[in-house]
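In what follows, every heavy atom counts, from backbone to side chain, and hydrogens, waters and symmetry copies are set aside.
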Amino acid sequence: MSYDLAVWEGERPTDDKPAGQVFSDLYDRYIDSEVEEPPPERIAAYVAALLERWCDLTEDEEDTSPWSTGRLIGEASGPLIYFPMRFSMTEEAGRDVWSTCRARRRRPPELGLAVPEGSPNEMAC
């Protein structure tokens, strides 16, 4: 089982409803399409920051990577990255995902973090 997260570059939605709409629009345009667009520099830098802490699944020789898919950057298209984490590592790695997003959000353009319904509020970036 995995825990799916979405991070995108753009304005931070005011609450869950517009965040869901932004995510749906971005997913339809960039993930659920035949055309792949390279991620912008901020998304690539975000992924690189995550990989400084947690190795990519393709390099995981000790079963320590929280990612459920290999080449994490491969889950990014355009301004969106939608990636699964191993459910058993959600709490531990989720804090890093959140804090990395939050630290990078302070510089425009913002990064937004969408988490599944029912997640703790402290995970909202």
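Using a 4.5 Å cut-off on side-chain heavy atoms (C-beta onward), Trp54 and Met89 make contact. Within the 4.5 Å cutoff, side-chain heavy atoms of Leu50 are placed close to those of Phe83. By the 4.5 Å heavy-atom criterion applied to side chains, Trp8 and Pro13 are counted as neighbours. Put simply, the side chain of Tyr30 does not reach to within 4.5 Å of the side chain of Ile81, judged on heavy atoms.
Separating the OG1 atom in Thr90 from the CG atom in Leu5 is a distance of 7.5 Å, to the nearest 0.5 Å. To the nearest 0.5 angstrom, Thr100 atom OG1 is 12.5 Å from Arg95 atom CZ. Taken from OG in Ser88 to CE in Met85, the straight-line distance is 9.0 Å, to the nearest 0.5 Å. Taking CG from Asp63 and SG from Cys55, the interatomic distance works out to 9.5 Å, rounded to the nearest 0.5 Å. Atoms CG and CD, on Leu72 and Glu59 in that order, are 11.0 Å from each other to the nearest 0.5 Å. Taking CD1 of Ile43 as the start and CD1 of Ile73 as the end, the distance is 8.0 Å to the nearest 0.5 Å.
Around the CZ atom of Arg86, the shell of radius 6.0 Å holds more than 12 heavy atoms that belong to other residues, nucleotides or ligands. The number of heavy-atom neighbours closer than 6.0 Å to CZ of Arg71, taken from other residues, nucleotides and ligands shown, is 12 or below. The 12-atom threshold is exceeded at CG of Asp32, counting heavy atoms of other residues, nucleotides or ligands nearer than 6.0 Å.
Placement of Val47 and Leu57 in two distinct hydrophobic clusters is found when ILVMFWY residues are connected by side-chain heavy-atom separations under 4.5 Å, directly or transitively.
Between Tyr82 and Phe23, the ring planes are tilted. Angles from 30° to 60° get that label.
Put simply, the side chain of Ser77 never gets that close to the backbone of Glu36: no donor and acceptor are under 3.5 Å apart. Judged by distance alone, the side chain of Ser65 and the main-chain N or O of Trp67 form a donor-acceptor pair under 3.5 Å.
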